[in-house]
Amino acid sequence: MKIKNSSELKNYYENLIIKTSKREKRTIVLSMGTCGIARGASDILNSIKKEVRKRKLHNRVEIRVTGCHGFCEVEPFLIIYPQGIFYCKLQPADVRQILMESIEKNNIIERLLYTDEKGKKIIKETDIPFYKKQMRLLLGSNRFIDPANIDDYIAQGGYQSLSYVLGNMQPEEVIEEIKKSGLRGRGGGGFPTGRKWELCRRAPEFPKYVICNADEGDPGAYMDRGLLEANPHSIIEGMIIGAYAIGSNYGYVYVRNEYPLAIHHLNIALQQARDYGFLGDDIMGKDFYFDIEMVKGGGAFVCGESTALIASIEGKPGEPRAKYIHTVEAGLYGKPTNINNVETWANVPLVIKNGWQRYSKIGTETSKGTKIFSLVGKIKNSGLIEVPMGITLKQIVFDIGGGIANSKRFKAIQTGGPSGGCLPEAHLDLPVDFDSLSEAGSMMGSGGMIVMDEDTCMVDVARYFVNFLKEESCGKCVPCREGLSAMFEILTRITEGNGKHEDMDLLEEISFAMKNGSLCALGTTASNPVFSTLKYFRDEYIAHIEKKRCPAGVCKNLVHYEIMSDACRGCGACLKICPVSAIQGEKKKPHSIDDTKCIRCGECFEVCKFSAVRRK
Amino acid sequence: MSIKVFIDNTEYDAEIGQTILEVARKHLIEIPALCWQPQLLPYGACRLCIVEVKGERRPVTSCSYQIVKEIEVLTKTAEILRMRKNLLSLLLSNHPADCMTCEKSGDCLLEKYAYEYGIRKPAFLGERNKVCEKDGKPFIIRDYEKCIMCGKCVRVCEEIAGANAIDFGWRGFGVQIVSGFDGSLKDNGCFFCGNCIEVCPVGALREISAEKKGRTWEFRKINTICPYCGVGCGIQVSVKDNSIVKINALPDGSVNKGWLCVKGKFGFEYVKSPDRLKKPLLKKDKKAGKFMEISWDEALDLIVNRFSEIRKKYGANALAGLASAKCTNEENYLFQKFFRQIIRTNNIDHCARLCHAPSVAALSQTLGSGAMTNSLDEIENCSDCIVLIGSNVSETQPVTSYKIRKAVSRGAKLIVIDPQEIEMAKIAEIYIQPWFGSDVMLLNALAKIILQENLINKEFIEQRVENFEEYQNWMNNFSLLEAEKITGISVEMMKRVAKIYATSKASIIIWAMGITQHITGTDNVFALSNLALLTGQIGRPGAGLAPLRGQNNVQGACDMGALPDFFPGYQKVENPEIREKFKNFWNAACLAEKNGLTVVEIFSSIHQGQIKGLYIMGENPLVSDPDISYVQEAIKKLEFLVVQDIFLTQTAKYADLILPSACSFEKEGTFTNTERMVQKVNRCVEPPQDAKPDWEILKNLAKRFGFDWDYHSIWDITREINKLVPIYAGITPERLLYASLQWPCSDEKHSGTSTLHIGKFPAGKGKLKCVEYRYPYELPDEKYPFILTTGRVLTEYHTRTMTARVDGLDQLSGEPFCLMNENDLKKMKLKHGSKIKVISRRGEIEIKVKKSRSVPEKTVFIPFHYAEAAANILTHHNLDPVAKIPEYKICAVRIEKL
């Protein structure tokens, strides 16, 4: 069925709404993004299906499988509509009770509800503090949308922005709208989206290409995955609008192969969009052809860089090139190419729908709208969050994230993926926007946020990220190829206790050369973890180098365990758990550790109930 | 458009689009760069060329930063220097510090920059890339431990050579240069052009030949011209102890712009071959074919005696001479002068007869001059449409193919027309594969379409072309459908070709033997010339007609009148005024009045008993000429044969007297390349023992004949040429010291001519020629069902006198082979590498067969180089009626399994 013009879309939308409102069935919404599935949502789904069959509830209940809603910490969870009851941390065994109590009857099962910090049970999802402090313009509709069903998206008002644009706006007007909205690229660069489109439109050559960069490779970041899995049509709609504005007929989505579910959903969505006439010839009755092809990446981090991504689509090795000509003028196959990130594209329908005036009210002076972050690490509520630009780090970590897990102390937050910087507590009041984070030596990047507690060694963290980037560097330019390798060696040497004082200078020298001399953003930002930890956590480096100590107790060569004889009761727990039999001692007499045998696994430290094991 | 740029607070002029580095280098401002190569696209990997540009957030790489507005650049701020030092230090940390034993020392950029930036010891000594040496045999050492990953080799292989034999493998710190699945170069499509060595800034890629022969400061370096094909590449020869150690391309000002091919780069071992002729040799025993060494005096006296005898007995026209396209202009001039002034015959010809005689014959008639109308640089920089017809240019003139490749990457449209799917077809906009020998039909069809679709250039035709109406009327009866039938090319496709050719801003047609070596060779060229005249695609930079010449000095040998019908400078022998001019200048009693005989006619005249004595200078007709048995029989009938050569060739074996000559590395003089560029050849090493430059031999011989040729040096001959040959008048020895010049060059102030026929043709108006299609002489039939087509291959040259004596080339293609379509092999149950017998009505040869996709079905391609399985045993000697060129490209054969 093809939707040929805006009135057809309107009718179709209204019919969907009427159908929904007449529906008497209860809906069980199950969050089944990759995160949910990893936490066992598939088993829950199977149990629900089995129970529904068994109890013959087909006529009373409908199941909707959606992508991730954001609150990954409490997955698997489900919501029962129309009441909006939120049950979390489910086991397959809970399903029977849910169907009996909450579907067949109207009871609420207290024990499956979310409990807030004060111990209060919360029934509705929207009342949970994690969600309450957010502004979920993009993620908010995830719970209503089965990504494999375009009707769900249309019922949320989907494709109406496209319809409006094609019916009422000239391409230049669309660009103007986007420009005025202040939308900036969400992939990390923060380049004004409308300006980019304009440059691409003005480039004289044809054909022009639009590309969606879905090669999200930062460790700990999964904003794009969340969107692709949960709401692929918002991206497609954004791309069609963009293509219209730019004057392009060909689109690509470059998605990493490690996202099978996203690929699956995107494939379905693209086909459905074609079936409905949103892609292909004469879109919405307008003389406008556009279609999107999906290209799967081969797993190279650097292919998230625009020119490397283009090279990869062209079938060449994924290496960035010197950008003496911008991709908007000569990109894919040497033709004008507009690349935007997943989240940027998803923002486009939103801008059109709300108008630039309303959109630009959200955020700060220079950064508009909302931004999705993946909040992970040593935090209580990990998950995907969407907040207005300008919110402080503190609000994110403590109000939304609920603070540090296991009552530990906050130490640092790393923003912007592996090449972001680590900011200490003193910077928690920083507003989160493109410019403030850069000034502090980190970056917004695409939106990864990793929270670290007092047990994290910052030298080790720097080494971890440098190792990641070393593996992912394409090897084209000297500073990145040779610099990362040299930095990794120096950091390894420090964490092993062989560091020298000059090493910090060397690290700074390399950082300097990389930051200013590298070819692409991977290289220019790769030294951020080192640079920022050297700046904010220099004392830790000094402790490693001068005192041969790792204050967080992470670097194995620099950690020693000993049992304090006055505290040891000789229970034998440590002796039993030690994997290398480094602990001796008679029962009920103080034990001791043979340091030469000890492999610093820390098991004894964890197992001791009397805090008799000490880490130095 | 010019624009102001401030570099380190000094103002310079720059062109819009120029990079900062280009401007800086032009003004000798030193900015270090390892991955930058002016002829390649900017790459920006080494980052050493970073500079500060006011207003930019970060330092920019000057190699890739294009100037579009007035900017201020600082190249040596403390920060920039600090960064460069860091980068060099990082690079050196991952580089073996073995400069004291490195072959490249003294010539290594990394070493130079380490010195300039004062890095005694790298700061980050740590892990090193563990890449070992890889197989680059037979010519290249791939010592990748020294590699700094600048990627120049990869880029030159892709952008210039088009071989794509190497690429980056792995990534990050582990990145390496690999070929194929990390195999040897030989097995992975390498052409061994050696340009990767030319651009390697460090010692990672080196010549096997130069290993352990010394380092750069130990060599004497002489600039000269490559002895192989007609491109005339400028080379720098490194010499130590009278031996050539290696050859490099000359970058600026040369035709080749820094590039070479496998022969030019590596094919010099023959110079020192023990097989070189060192003394004059006299045949002692005709039956056993044994020779004895004699002195020069004896040898020259013998020639005087025998030639005088023959002349006395049979007349001057019983003597003939074959000049050489490998010898210098001066030597060819002397050779024809010897025959015209001393012997008094016009029986002089040379192998141009077997290659571009039709081009010269046809273009002289239609335009007034037979040479290439444009320079090679124009193809690279100006042509928007390049029609490549009947020229496997990547095999025969590789450096020209680089230029075409660059043109294509610039956006020029390449149209390849060839029965064989040649290498260049891969980058062609359109490739069409007409049936053998259907060229006239195809080209007429294109002309018909141009007329029919009104793609003609009316203004041009009105002003510069005659007999247009006659031509148009004649064309009325031409049927495109018949053309479709005969050529096998659809009308649709021909229309596309015609349209692109006619409507491009500047179109050039490039051809070679695929057009000329037919009995319709002259007609083919007429048909090409028609296209240019109809569309006005001639007489502008990048637009014209380009017959690619085969040998290093075949253009020059023609220019110098080593032709039976022309004095030097295409001045007609049969024109009494011209004859008078030469007679007076040479102080000769009289000169022969009639045109002499051409190459193939000379041999038939021997058969008929008219020619009795033959003097061959540097040619090897017993391999190169058609129907070898016929030539062999002829040569045996001669009363006296003199062969002057550097090796004992197949032909020399039949000689009564052999004279040892010097090769091009051992003498001075000038060569004229395919684009009419006259270039100076310099002496690099001494000739072996008694071998002498050909001009000295000729001079001494003339003396014995009683003619006092008073040439003190070769340059005296050049000066004589300046006086007698108007197109060479301004190309004086003094000017050649500093620059190469393209003829016509009328006087010493004239700067040479890049584009011919601007505004006017030498013949006045251009002439359209109505050419009827004729079938080839011998087409396949039931008995001989295959077409045999001959040609050349990249790693061999002419009759292999030189290339067979270069070990590496011999390893690559030493064994004779033929190519057949893989489907034919399947049908005949033949395997790649099996031996077959190829039989024609003239003879048969045994040869190895190779599987090919480029050769069409029912076709055998045999390179003509190999004496041991000479393709010319099979070919016939029927000639084009005008140009007298044999039809090497088509004869009928059958294949037998062995």
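Just the heavy atoms: all of them, side chains too, but no hydrogens, waters or symmetry mates, feed the values below. Residue numbers start from 1 in every chain, and the chains themselves are labelled A, B, ... in the order their sequence lines are given, proteins ahead of strands.
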Could you measure the distance from the CG atom of B:D167 to the CD atom of B:E158? Nearest 0.5 Å is fine.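 Those atoms lie 7.5 Å apart.
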Nearest-0.5 Å distance that lies between atom CD in A:E508 and atom CG in B:N86: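 Interatomic distance, A:E508 CD to B:N86 CG, rounded to 0.5 Å: 11.5 Å.
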Where on B:F173 is there a heavy atom nearer than 4.5 Å to chain A: the side chain, the backbone, both, or neither?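 The answer is both parts of B:F173.
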A:E489 portion near chain B, given a 4.5 angstrom heavy-atom threshold: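 The side chain, not the backbone.
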Structural part of A:E502 lying under 4.5 Å from a heavy atom of chain B: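 Neither part, no heavy atoms under 4.5 Å.
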In terms of heavy-atom pairs under 4.5 Å, which option from [options] contacts chain B the most?
options: A:S518, A:G318, A:P317; value: A:S518
options: A:C477, A:A300, A:G334, A:C480; value: A:C477
options: A:A486, A:G517, A:G483; value: A:G517

Answer yes or no: is there a donor N or O on one side and an acceptor on the other, between the side chain of B:R171 and the main chain of A:C474, under 3.5 Å?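 Pair absent, no side-chain N/O of B:R171 close to backbone of A:C474.
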Top contributor to chain A contacts, counting heavy-atom pairs under 4.5 Å, from B:M83, B:R47, B:K85: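 Among B:M83, B:R47, B:K85, the one with the most close pairs to chain A is B:R47.
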Options B:L90, B:I50, B:V175, B:L91, ranked by heavy-atom pairs under 4.5 Å with chain A, top entry: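 When all of B:L90, B:I50, B:V175, B:L91 are compared, B:L90 has the most.
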Any side-chain heavy-atom pair of A:I339 and A:I310 under 4.5 Å: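 In contact.
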Measure from NZ or CZ of A:K208 to the centre of the six-membered ring of A:F206, then state whether that distance is under 6.0 Å and the direction lies within 45° of the axis.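 Cation-pi check for A:K208 and A:F206: passes.
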Report the relative orientation of the aromatic rings in A:Y250 and A:Y209; use parallel for angles under 30°, tilted for 30 to 60°, perpendicular for over 60°.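 Answer is tilted, since the angle falls between 30° and 60°.
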